[in-house]
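Take a look at the structure set out below.
Atoms within a ligand are numbered from 1 in the order they appear, just like the ligands themselves. Below, each value reflects all heavy atoms present in this structure, side chains not excepted, and no hydrogens, waters or symmetry copies.
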Amino acid sequence: MSEVRVRFAPSPTGLLHIGGARTALFNWLYARHTGGKFVLRIEDTDAARNTPEAVAIIFEGLKWLGLDWDEGPQTDGTTVGDHGPYFQSQRGAIYKQYVDKLLAEGKAYEHEGAVKFRIPKTPITVPDLICGDVTFDRTMDPDLVIQRKDGTPVFHLVNVVDDLEMKITHVIRGEDHLSNTPKHLALFEAFGATPPRYGHIPLILNTNGSKMSKRDEGASIGDYIANGYLPEAVRNFLCLLGWSPKENKEVVPLEEVIEKFDLPQINRSNARFDLNKLYWINGEYMRAATLDRLEPFAAAILRREGILGESYDAAYFRAALAIVQEKVKLGKELGDWLAYFFKDDYAFDPAAVAKVFTPEGLANLKTLRAALAEASDFSSAALEDRFKTLAAAQGKKVGVYIHPVRLAVSGRSVGPSLYHLLEVLGKDRTLARTDRALAQFPG
Ligand code: GLU
């Protein structure tokens, strides 16, 4: 078999829709699975929508998802080969040749200034790799406008000419294009060319069964970037929107998907979009991420939120990350878990103050402060020992020290394991913060 060549052919609309991202991913996976080529083609013939910003959003989304294309300049500045990504807006002369050819052969004709292609009025069967054989009647189909009065070519023509010119072997695209395929097959036939194989991916529906639209939550890849999802988690989630490994696994490493991915396994029924599932998968990836992976990801988010400065104490930051990592499911939540590590004048949660900083709670905090001041070993294990020894000596439960000191050093009643928290904050910070709390709430 000749080399597989697939393409992602988005029209710039101002966002990268989750359906488009999945189409791109499935094409990319198929190319990587077969050792073929993944081509990017921007279908930007609609001048009104074709803005540099809209194109940049597509590039940014693909780059974020790690979907590199095989021809032309990449988003990281490197170049693969000397073609692509292709822009239809730059290929007008090519389309014109094809229109002229159809006109010369009598397969198309002029009609009120436009050019119309003669659609054969016979039934045709699309042998779809995903949907199976789908037959279209065509006996009543009108001829197809392929060039408008103003001379601009129409989607169907440019799409077919480019698939032909770019030697595309498999067209993997959304099911909303299935009804266009009889027209596309007719054009391939008119050009005397063998058509690519087609595979139409079922739609993505909301959990309530309605078709996902632009306005639905989670419809745009940009939203995932903004909310601090990990791209590898989103990619994993997108893989499962219509495809699944045989075992019912939810977290599937990319290498495994590439190895197993094939077109016949794509589900024929519509995929259900479930944001809760993505949230869960993201949490799994957050938990499993190495600190080397997490640090730059988290730092970028916390800088954006003004929590972290341009330079920061990397060892302290990594230690803090390590103890909250298992609690955080989404990048957007990081600030809430980490802000007080980097801000000594945090506010004290009033509800927690009312409950924990009672006269008795504050008295216990003072006793604990004295015990901590004597500690030379501030490791979590040594701290745990010290808390337990103190509690036993005073005939109290450890909890009576844990709650006030947590509130004192963080301003809140929930957080990571207390002994680990104190270890990360270190002795000086722990004592200073406790003193600040005691000064503010003398009891
Ligand atoms: N530009 C078309 C779209 O964005 C692509 C159609 C195709 O993949 O053939 O829907």
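For a threshold of 3.5 Å applied to N or O pairs, the pair formed by Pro10 and ligand 1 contains no separation below that value.
Both the sub-6.0 Å distance and the 45° axial angle are not jointly satisfied by Arg22 relative to the ring of Phe237. In this structure, Arg32 fails the cation-pi test against Tyr30, since its NZ or CZ atom is not both closer than 6.0 Å to the six-membered ring centre and inside 45 degrees of the ring normal.
The atoms of ligand 1 that sit less than 4.0 Å from any heavy atom of Arg173 are 7 (C), 8 (O), 9 (O). Within ligand 1, the atoms closer than 4.0 Å to a non-hydrogen atom of Ser11 are 1 (N), 2 (C), 3 (C), 4 (O), numbered from 1 in the order shown.
Side-chain contact, Asn282 with Tyr224: no donor N or O sits under 3.5 Å from an acceptor N or O. Residues Tyr98 and Glu165 bring a donor and an acceptor atom of their side chains to less than 3.5 Å of each other. Donor-acceptor pairing under 3.5 Å is recorded for the side chains of Asp143 and Tyr109. Between the side chains of Asn159 and His156, no donor-acceptor pair is found at a separation under 3.5 Å.
Taking atom 1 (N) of ligand 1 as the reference point, the nearest protein heavy-atom neighbour is Glu43 OE1, 2.6 Å. Counting protein heavy atoms only, atom 5 (C) of ligand 1 is closest to Ala9 O, 3.0 Å. The single protein non-hydrogen atom nearest to atom 8 (O) of ligand 1 is Arg7 NH1, 2.8 Å, given as residue, atom name and distance.
Trp243 pairs by the ring pair (Phe, Tyr, Trp, His ring centres under 6.0 Å) definition with Phe261, not counting sequence neighbours.
Of the listed residues (His177, Arg41, His156, His200), the one carrying the non-hydrogen atom nearest atom 10 (O) of ligand 1 is His177.
Look at His184 and you'll find every heavy atom at least 4.0 Å from all atoms of ligand 1.
Proximity of Asn159 to ligand 1, defined as any heavy-atom pair under 4.0 Å, is confined to the side chain (atoms from C-beta onward).
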